[in-house]
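To start, I am sharing the structure in question, which I have written as structure tokens.
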Amino acid sequence: MRFMMIVKASEESESGAVPSEQELAEMGRYNEELVKAGVMLDGNGLLETAKGAKVQYHGKGKTTVVDGPFTETKELIAGYWIIDVKSKDEAIEWARRIPFAEGEVEIRKVAEAEDFGDSYTPEIKEAEDKLREKIAEQHKS
């Protein structure tokens with residue numbers, strides 16, 4: 001099962017403050033543990049929302065763009081990991097090991113084909129598989 005561990009933003013992360021060398025080293029060691037365990041699929045920190053934008057949808061084809069910064073820190077994301085583990089409990093155990101002094105991490109299961117029931121037809125699966133193959137080919141180094 002894939003889970004996303006979502007790092008909630010804080011006033012500090014939204015200020016644009018750069019992590020210290022020690023914090024980066026601790027996070028690097030944590031990421032190494034995830035990789036050695038074979039569970040890490042992806043992970044990144046995100047820059048403050050002042051460098052971002054939101055696209056809001058108002059019916060098909062109608063959008064509004066709102067530039068950051070955004071004020072509701074508790075609703076913002078400062079980073080994430082995507083991990084592949086056997087259960088939500090295992091995802092929680094990995095989240096408990098993140099070397100944060102303060103903060104919050106939300107854990108969400110990534111939707112899989114079986115989560116969509118009969119709506120996920122063989123044709124849709126085949127089309128998605130082809131897209132994933134193209135993505136993999138584009139990102140080979």
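Below, each value reflects all heavy atoms present in this structure, side chains not excepted, and no hydrogens, waters or symmetry copies.
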### Message
To check you understand the geometry: which heavy-atom pair defines the closest contact between Ala95 and Tyr30, and what is its length?
### Response
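Residues Ala95 and Tyr30, closest heavy atoms: N-OH, 4.1 Å.
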
#### Entry: Short side-chain donor-acceptor distance under 3.5 Å, Thr64 and His58
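Side chains of His58 and Thr64: pair found under 3.5 Å.
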
### Message
Rounded to the nearest 0.5 Å, what separates atom CG in Leu24 from atom CZ in Arg29?
### Response
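One finds 10.5 Å between CG of Leu24 and CZ of Arg29.
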
### Query
Using a side-chain heavy atom cutoff under 4.5 Å and only I, L, V, M, F, W and Y, what cluster partners does Ile124 have?
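For the cluster that includes Ile124, the remaining residues are Phe116, Tyr120.
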
### Ion pair check, Glu106 and Arg108, cut-off under 4.0 Å
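Here Glu106 pairs with Arg108 in a salt bridge, since their nearest N and O are under 4.0 Å apart.
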
### Nearest atoms (heavy-atom pairs only) where Thr49 meets Pro69
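Closest approach of Thr49 to Pro69: OG1-CA, 3.5 Å.
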
### Message
Once rounded to the nearest 0.5 Å, what's the spacing between atom CZ of Arg132 and atom NZ of Lys125?
### Response
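Taking CZ in Arg132 and NZ in Lys125, the distance rounds to 9.5 Å.
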
#### Entry: Within-4.5 Å side-chain heavy-atom neighbours: Glu90 and Val39
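They are in contact (side-chain heavy atoms under 4.5 Å apart), so the answer is yes.
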
### Message
Would you compute the distance between atom CD1 of Ile6 and atom CD1 of Ile107 and round it to the nearest 0.5 angstrom?
### Response
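Reported to 0.5 Å precision, the distance equals 9.5 Å.
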
### Flag, side chain of Asp84 to backbone of Met1, donor-acceptor distance under 3.5 Å
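Between the backbone of Met1 and the side chain of Asp84 there is a qualifying donor-acceptor contact (under 3.5 Å).
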
### Lys/Arg N to Asp/Glu carboxylate O, Glu93 vs Arg96, below 4.0 Å
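A salt bridge is present here (some side-chain N lies under 4.0 Å from a carboxylate O).
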
### Message
Would the distance check show the side chain of Glu23 and the main-chain N or O of Ser20 forming a donor-acceptor pair, the cut-off being under 3.5 Å?
### Response
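Side chain of Glu23 to backbone of Ser20, a donor-acceptor pair under 3.5 Å: yes, one is there.
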
### Query
Any chain of hydrophobic side-chain contacts (each under 4.5 Å) joining Leu41 to Tyr80?
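Yes; tracing contacts between hydrophobic side chains, which count when under 4.5 Å, links both residues.
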
### Task
Show your reasoning for whether side-chain contact (heavy atoms from CB on, under 4.5 Å) applies to Val85 and Phe3.
CA-CA 8 Å; Val85 294; Phe3 286 87; 3.7 Å; yes

### Message
I'd like to know whether Val7 forms a side-chain contact (heavy atoms from CB on, under 4.5 Å) with Ile77, so could you lay out the CA-CA distance, the side-chain angles of the two residues, the decisive distance to 0.1 Å, and finally the verdict.
### Response
CA-CA 6 Å; Val7 179; Ile77 297 171; 5.7 Å; no

### Task
Starting from Val66, walk the hydrophobic network (Ile, Leu, Val, Met, Phe, Trp, Tyr; side-chain heavy atoms closer than 4.5 Å) and list everyone else you reach, by chain and number.
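When side chains under 4.5 Å apart are linked, the cluster holding Val66 also contains Phe70, Leu76.
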
### Query
So do Arg2 and Lys109 actually touch side chain to side chain, heavy atoms under 4.5 Å?
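A side-chain contact is absent here, since even the closest heavy-atom pair is not under 4.5 Å.
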
### Query
Does any non-hydrogen side-chain atom of Met27 lie less than 4.5 Å from one of Phe100?
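A side-chain contact exists here, since the closest heavy-atom pair is under 4.5 Å.
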
### Query
To the nearest 0.5 Å, how far apart are CE in Met4 and CG in Asp42?
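One gets 8.0 Å once the value is rounded to the nearest 0.5 Å.
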
### Query
Got a salt bridge between Asp67 and Lys54, using NZ or NE/NH1/NH2 to carboxylate O under 4.0 Å?
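No, this pair does not count.
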
### Message
Which heavy atom of Pro99 sits nearest to which heavy atom of Glu26, and what is that distance?
### Response
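Nearest pair, atom of Pro99 first, then Glu26: CG-O, 3.8 Å.
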
### Query
Do Trp81 and Asn44 have side-chain N/O donor and acceptor atoms under 3.5 Å apart?
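No donor-acceptor contact under 3.5 Å links the two side chains.
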
### Message
With a 6.0 Å cut-off (strictly less than), is the heavy-atom count around CD of Gln22, excluding the residue itself, greater than 12?
### Response
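Count not over threshold, so no.
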
### Task
List the atom of Tyr57, the atom of Thr63, and the distance in Å for their closest heavy-atom pair.
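For Tyr57 and Thr63, the tightest heavy-atom pair comes out as CD2-CG2, 3.6 Å.
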
### Task
For Glu11, look at atom CD and say whether over 12 heavy atoms of other residues, nucleotides or ligands are found less than 6.0 Å away.
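Result for CD/Glu11: open.
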
### Message
Please report the interatomic distance OG(Ser15) to CD(Glu48), rounded to the nearest 0.5 Å.
### Response
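Here the rounded value is 7.5 Å.
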
### Query
What are the two closest heavy atoms between Ile83 and Met40, and how far apart are they?
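Shortest heavy-atom contact: CG2-CA, 4.4 Å.
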
### Message
Tell me whether Glu21 at atom CD has more than 12 heavy atoms from other residues, nucleotides or ligands lying less than 6.0 Å away.
### Response
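It does not: Glu21 CD has 12 such atoms or fewer within range.
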
#### Entry: Salt-bridge contact Lys36-Glu33 (side-chain N to carboxylate O under 4.0 Å)
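The answer is no: the pair does not qualify as a salt bridge.
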
